[in-house]
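We use all heavy atoms of the structure for the numbers below, so side chains are in, but hydrogens, waters and symmetry mates are not. Positions are given from 1 along the sequence.
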Amino acid sequence: MEFYSYWRSSAAYRVRIALALKGLQPDTRYVHLLREGGEQRSADYQALNPAQLVPVLVDGDLKLNQSLAILEYLEALHPTPALLPKDLKQAMQVRAVALDIACDIHPLNNLRVLQYLTGPLGLSEQQKLHWIQHWLQQGLQALELRLQKTAGSCCFGDEVTWADICLIPQMYNAVRFSLDLSAYPTLKRIYQHCTSLPAFMKASPEQQPDAQ
């Protein structure tokens, strides 16, 4: 199994957490998204993933992109420890929160979006930061209200699920972009708990060999 990652990619961070929780150690290949204009734009990598994004998981003849599809595959292949509740309704709630983050919050502060803002659109670094913080605030406020009803030490009770796996990289971004977290006490509590767990520490951006 091969895993293509970049240390600061939120989507790759999600997969790293899941791999660590399940005790899996794939052959990790590092794709630097900034070096020489972005190694994801090379012909070899485009052949692997035409979308020019990370992560990608290769397992035999399977080439799988999209972090949540990879989580689904890992869950089916290695069901222990379970990262989705067995109860259907609870599992759908977890999926919904994971998708809130992966589909509605994360794309608006993705690297290629930020590069477009300061490139073709000509925004300043301060204007870019305002963009990032605005959309983080919108998304995190909704999550705070939603998870107040379900959270224990994790998003849903005290067991790690896909919701936590998606939330922690997004909270890492919020810290990175100097967002005041005082308005999100539930999210902050979950973030502090999860980042103290060994699998999350192993998967953290600064612990990656390609971190710069």
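- L111 contributes atom CG, which lies 9.0 Å from atom OG of S9 (distance to the nearest 0.5 angstrom).
- With hydrogens and angles disregarded, no donor-acceptor distance shorter than 3.5 Å links the side chain of W162 to the backbone of A91.
- For D59 against Y73, the heavy-atom pair with the smallest separation is OD2-OH, 2.6 Å.
- Under the 3.5 Å distance criterion, the side-chain polar atoms of Q133 are matched with a main-chain donor or acceptor of F177.
- A side-chain donor-acceptor contact under 3.5 Å links R189 to the backbone of G152.
- Remark: the D44 side chain and the S42 side chain contain no N/O donor-acceptor pair separated by less than 3.5 Å.
- Using a 4.5 Å heavy-atom threshold, the side chains of L83 and L74 count as separate.
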**Study point:** Working for side-chain contact (heavy atoms from CB on, under 4.5 Å), residues N173 and I105
**Key:** CA-CA 11 Å; N173 282 346; I105 302 175; over 6 Å; no
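- Closest of all the heavy-atom pairs between I168 and Y191 is O-CE1, 3.7 Å.
- In this structure, M171 and I190 have side chains that are not in contact, with every pair of non-hydrogen atoms separated by 4.5 Å or more.
- Within the 4.5 Å cutoff, the side chain of Y184 has no heavy atoms near those of the L143 side chain.
- A 4.5 Å side-chain heavy-atom check between N65 and L53 finds every atom pair outside the cut-off.
- Looking at Q127, its side chain does come within 3.5 Å of a backbone N or O of S124 through a donor-acceptor pair.
- To the nearest 0.5 Å, atom CD of residue Q46 and atom CZ of residue R41 are 9.0 Å apart.
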Practice item. Let me see the working for V160 and L197 under side-chain contact (heavy atoms from CB on, under 4.5 Å), right down to the final yes or no. Key: CA-CA 10 Å; V160 172; L197 301 176; 3.9 Å; yes
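- Rounded to the nearest 0.5 angstrom, L21 CG and F200 CZ are separated by 5.5 Å.
- Counting heavy atoms from C-beta on, the side chains of L77 and M1 come closer than 4.5 Å.
- Closest approach of P85 to T161, counting heavy atoms only: CD-CG2, 4.5 Å.
- Within the 3.5 Å criterion, the main-chain N or O of K202 finds no donor-acceptor partner in the side chain of R16.
- With a 6.0 Å radius and a threshold of 12 heavy atoms from other residues, nucleotides or ligands, Q137 has its CD atom above the threshold.
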Review point. Does the side-chain contact (heavy atoms from CB on, under 4.5 Å) test come out yes or no for L34 and Q115, once each step is laid out?
Key: CA-CA 10 Å; L34 295 174; Q115 288 177 328; 3.6 Å; yes
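- E39 places no side-chain N or O within donor-acceptor distance of the main-chain N or O of V31, the cut-off being under 3.5 Å.
- Note that CG of D27 is 11.5 Å distant from CD of Q25, once rounded to the nearest 0.5 Å.
- Looking at C166 and L68, their side chains come closer than 4.5 Å, going by heavy atoms from C-beta outward.
- Note: E206 CD to M201 CE = 13.5 Å, rounded to the nearest 0.5 Å.
- Considering all non-hydrogen atoms of both residues, Y45 and V56 come closest at OH-CG2, 3.3 Å.
- We find that K22 and E75 are joined by a salt bridge, their nearest charged nitrogen and carboxylate oxygen being less than 4.0 Å apart.
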Check your understanding: Between Y13 and S204, is a side-chain contact (heavy atoms from CB on, under 4.5 Å) present by the stated rule, with each step listed?
Key -> CA-CA 7 Å; Y13 190 177; S204 68; 4.0 Å; yes
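- D164 contributes a side-chain N or O that, together with a main-chain N or O of C155, makes up a donor-acceptor pair within less than 3.5 Å.
- Environment of CD in E36: sparse, with no more than 12 heavy atoms of neighbouring residues, nucleotides or ligands closer than 6.0 Å.
- Classification of R95 and E72 as a salt-bridged pair holds, one side-chain N sitting under 4.0 Å from a carboxylate O.
- Side-chain contact check for E144 and Q148: at least one donor-acceptor pair (N or O, by modelled atom type) lies under 3.5 Å.
- The shortest side-chain heavy-atom distance between F3 and R29 does not fall under the 4.5 Å cut-off.
- Going from atom CG of L129 over to atom CG of L114 covers 10.0 Å, rounded to the nearest 0.5 Å.
- Looking at every heavy atom in both residues, D158 comes nearest to S153 through OD1-N, 2.8 Å.
- Two residues are said to be in side-chain contact when any heavy atoms from C-beta on lie closer than 4.5 Å; Q93 and F156 meet this criterion.
- Contact detail for P55 and A12: the closest heavy-atom pair is CD-N, 3.8 Å.
- Within 6.0 Å of CZ in R112 there are 12 or fewer heavy atoms belonging to other residues, nucleotides or ligands.
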